[in-house]
Every structure is written in structure tokens, then in C-alpha cells.
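Here is the structure we will look at.
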Amino acid sequence: YYFSEKRINAINSMENIERIRAINKISQPKAVKYAALKNTKKLSKSAYSLNENLSYILGVIEGDGCVSIKQRRIILSVTDKDFALKFKESLEKWSGFKSKFYERNFKKYRERNNVKTQYCVYIDSLEASRFVESFDLNEIYYSNNKIISCFIKGFFDSEGTVIDISKKIKLGLRCFNTNIEIINFIELLLKRLNINSTITNVKNYNYPFSKSRVLKEYYFLSIYRKESIINFYSYIGFNINRKQQRLETQIKYILGRQQR
């Protein structure tokens, strides 16, 4: 990071000034050089073809991931290290660029005593950022089942959850988003894999980590049918170990009931 003295002196808080100086680790000439590199890093021709790694990246971006044209970055910041490392691997295989990976501690809103470690991954490339930002997701729908599975896996790694059957609620999986279009798209992709789902919405749902307390409408996609849960496990699954373990527990429960 590079911050000019003019920008640092404009900060009112001494605490923030010290924090900015601590991360101000490069000189202005180096900052200019890095900015130029972000503009000139080019994707290979193969990166423009839809493959499993790109499909997974696109699924993650529709969830927890982010594309910043201004920063020239494709970014993911999450609390699951295995998720971050899988995204890192996919980014590097697809783009051919070396990604950056680091850890940081943060406090959740309203949970100031609960400090968690966040794992951050990103690549710097204006071309890669623009390509991913403008990608037509309809290409995924008309691709093979493996490409479709990777996209769904990326989205469920980000936004999905597996119901904990130890709480004796019900079997199933869920994902949610504020964008009804992406939820409808996921439903269509799941049908391609013989996975039935239902969509519901919750109005005025206040997301627990929202600092602004802005009331939004959230759309939930749920998978409850046993055959569909089995198909999700067989064709998609999770890269996040804790979610995959819960899914395996449900599968063992379902298969055990069928054998009785």
C-alpha cells in the first residue's frame, strides 16, 4: 500500500494515522510501478474459454467474492481458510497469475469481543477484472454438467448452509441472496442436475452484520427432497470442510433410513 503524506495528514484520528503509516510499506515510485503492472498483466487466450476453474470463480463472485475495476482486483475475504485456499488455487490455475494471500483479525458488528481471523485472496489485473465482471452467465447454463456443478459449488461455498440435523429440525440445504435473478439462475442450474428446490423470500429481514441496519428483501433457495440432497452430494458438494461434513452426516442418515 502507498499513501501520500498529504492524504495521511488529512486524517483526523491519530489512531488511524498510525494505522495507515504502519501499512504504508512502499514508496511512491514503487506504487506507480505496481499500478502500471496491474494495467499491463494480460490473460492468456485459454483464460477466455470457460472451464471448471473459471466457473467456480464466477460462482464465488456471485456470493462472497468481489470484482473491483477501480482497484483492478478479483477479491475474496472469508473466515474459512480451506475456502480461501481453494479460491486461490482456482484463481491461479485460471489466470496464470500469482495471487496474494494474507490473514487479518476483525471484529463482527455487534460482537466487539468476538475477534475472528479473516483470510483474504486476490489477484491484480485490470484485464482479468473486466473479463470476469462482464462475463455472460448464460454460457454456464449451456455448458456441460461439470461446469454447472463448479458454478453451483462456488455459490454454495459462499452463500450456502447445511441444516444441522443434530438439532432435529429437518434435512436440507439452503442458500440466500438479495438478488432474485441469481437465485432463479441457481434454481435452473440445479434442475439440470435433477435437483429440485424451492424459493421463498423474507421481507424486511435485517441482516445481523449490517452496520447500516437497512432492511432488505432476502431470497432463500432450499433443497429438502432426499433424492435432491443425494444428487447435490453426488454432483456438487462443498470445498468447505465443515459444510461437507454436515452434508455427509445427512447422507448417512438418509441412506441408513432407506436400508431399514
Side-chain angles (χ1 to χ4, degrees), residues 35-78 80 82-101 119-160 175-193 195 197 199 216 218-219 221 232 235-240:
L37 284 174
K38 290 180 184 180
N39 285 323
T40 57
K41 288 171 71 173
K42 300 294 183 181
L43 292 171
S44 65
K45 290 183 179 180
S46 62
Y48 283 90
S49 299
L50 181 58
N51 57 29
E52 294 172 18
N53 287 311
L54 176 56
S55 185
Y56 180 76
I57 291 165
L58 292 168
V60 173
I61 288 169
E62 292 298 329
D64 287 337
C66 175
V67 177
S68 173
I69 302 299
K70 185 176 181 180
Q71 291 182 302
R72 309 173 185 91
R73 286 180 177 177
I74 300 173
I75 316 161
L76 176 68
S77 298
V78 289
D80 290 284
D82 48 1
F83 182 17
L85 290 176
K86 175 60 182 177
F87 189 71
K88 180 179 186 295
E89 177 187 337
S90 297
L91 272 180
E92 292 181 349
K93 286 184 176 180
W94 163 68
S95 68
F97 304 145
K98 183 68 176 176
S99 65
K100 304 290 178 64
F101 177 84
Y119 303 94
C120 305
V121 181
Y122 67 90
I123 59 170
D124 289 320
S125 169
L126 181 59
E127 183 180 359
S129 301
R130 284 176 172 170
F131 173 71
V132 170
E133 178 76 9
S134 62
F135 192 89
D136 184 3
L137 295 183
N138 288 320
E139 287 190 36
I140 294 172
Y141 182 79
Y142 295 106
S143 298
N144 59 55
N145 286 355
K146 191 62 179 176
I147 296 290
I148 291 172
S149 296
C150 288
F151 181 86
I152 298 172
K153 180 179 285 190
F155 187 77
F156 266 80
D157 277 349
S158 293
E159 306 282 41
C175 66
F176 75 97
N177 203 278
T178 57
N179 184 351
I180 185 60
E181 292 183 2
I182 189 62
I183 291 294
N184 286 334
F185 185 62
I186 293 293
E187 182 185 34
L188 289 174
L189 295 181
L190 288 169
K191 286 180 180 178
R192 287 280 307 273
L193 303 177
I195 299 172
S197 59
I199 296 175
K216 295 182 179 180
Y218 283 77
Y219 301 92
L221 182 146
F232 188 96
Y235 302 136
I236 304 170
F238 292 94
N239 285 315
I240 299 175

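Throughout, numbering of the chain's residues begins at 1 and tracks the sequence. Since the model is a prediction, treat every value here as computed from it, not as a measurement.
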Inset, instruction - Would you please indicate yes or no on a ring centroid separation below 6.0 angstrom for Phe151 and Phe155? - result: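 No - the distance between ring centres of Phe155 and Phe151 does not fall below the 6.0 Å cut-off.
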
Inset, instruction - Tell me, please, which residues at least two apart from Asp80 pass salt bridge (Lys or Arg N to Asp or Glu O under 4.0 Å). - result: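 Asp80 satisfies salt bridge (Lys or Arg N to Asp or Glu O under 4.0 Å) with Arg242 once adjacent residues are dropped.
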
Please give me the minimum heavy-atom distance between [X] and [Y], naming the atom from each residue.
X: Ser99; Y: Ile123; answer: CB-CG2, 3.6 Å
X: Ile69; Y: Glu133; answer: CD1-CB, 4.1 Å
X: Ile74; Y: Ala128; answer: CD1-O, 3.9 Å
X: Ser143; Y: Leu50; answer: OG-CD2, 3.2 Å
X: Ser129; Y: Arg73; answer: OG-N, 3.2 Å
X: Gly63; Y: Ser158; answer: CA-CB, 3.7 Å

Qualifying residues under side chain to side chain contact (heavy atoms under 4.5 Å, CB included), relative to [X], sequence neighbours excluded:
X: Glu181; answer: Asn179
X: Leu188; answer: Tyr141
X: Asn144; answer: Lys146, Ile147
X: Ser77; answer: Ile75, Arg104, Gln118, Cys120

By side chain to side chain donor-acceptor pair (under 3.5 Å) - contacts of [X] (at least two apart):
X: Lys93; value: Glu89
X: Lys88; value: Glu92
X: Tyr119; value: none

Atom pair [atom1]/[atom2] of [X] and [Y] - distance to nearest 0.5 Å:
X: Glu62; Y: Ile57; atom1: CD; atom2: CD1; value: 13.0 Å
X: Gln71; Y: Cys66; atom1: CD; atom2: SG; value: 7.5 Å
X: Ile183; Y: Ile199; atom1: CD1; atom2: CD1; value: 6.5 Å

Taking side chain as C-beta onward, heavy atoms only, is [X] less than 4.5 Å from [Y]?
X: Lys100; Y: Asp124; value: yes
X: Asn177; Y: Ile186; value: no
X: Ile236; Y: Ile195; value: yes
X: Cys150; Y: Ile140; value: no

Inset, instruction - Dump the intermediate steps for side-chain contact (heavy atoms from CB on, under 4.5 Å) on Phe156 and Leu221, then the final yes or no. - result: CA-CA 11 Å; Phe156 266 80; Leu221 182 146; 4.2 Å; yes

Inset, instruction - Just do the side-chain contact (heavy atoms from CB on, under 4.5 Å) check on Phe83 and Leu76 with the steps written out, would you? - result: CA-CA 9 Å; Phe83 182 17; Leu76 176 68; 4.1 Å; yes

Inset, instruction - Give a yes or no on whether the backbone of Tyr235 and the side-chain of Ser149 come within a donor-acceptor separation of less than 3.5 Å. - result: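 Such a contact is found between Ser149 side chain and Tyr235 backbone.
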
Inset, instruction - Could you walk me through whether Phe131 and Leu54 pass the side-chain contact (heavy atoms from CB on, under 4.5 Å) test, one step at a time? - result: CA-CA 11 Å; Phe131 173 71; Leu54 176 56; 3.8 Å; yes

Legend entry - Pair Leu43-Trp94, side-chain contact (heavy atoms from CB on, under 4.5 Å): steps then yes or no: CA-CA 9 Å; Leu43 292 171; Trp94 163 68; 4.0 Å; yes

Inset, instruction - Could you list the residues that satisfy ring-ring contact (aromatic ring centres under 6.0 Å, His included) with Phe238, not counting sequence neighbours? - result: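 Phe232.
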
Legend entry - For Phe97, all residues meeting ring-ring contact (aromatic ring centres under 6.0 Å, His included), sequence neighbours excluded: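 Counting only residues at least two positions away or on another chain, Phe97 forms no ring-ring contact (aromatic ring centres under 6.0 Å, His included).
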
Inset, instruction - Can you tell me which residue pairs pass the side chain to side chain donor-acceptor pair (under 3.5 Å) test with a partner in residues 43-57, sequence neighbours excluded? - result: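 Qualifying pairs, neighbours excluded: Ser44-Ser46, Tyr48-Glu127, Tyr56-Asp157, Tyr56-Asn239.
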
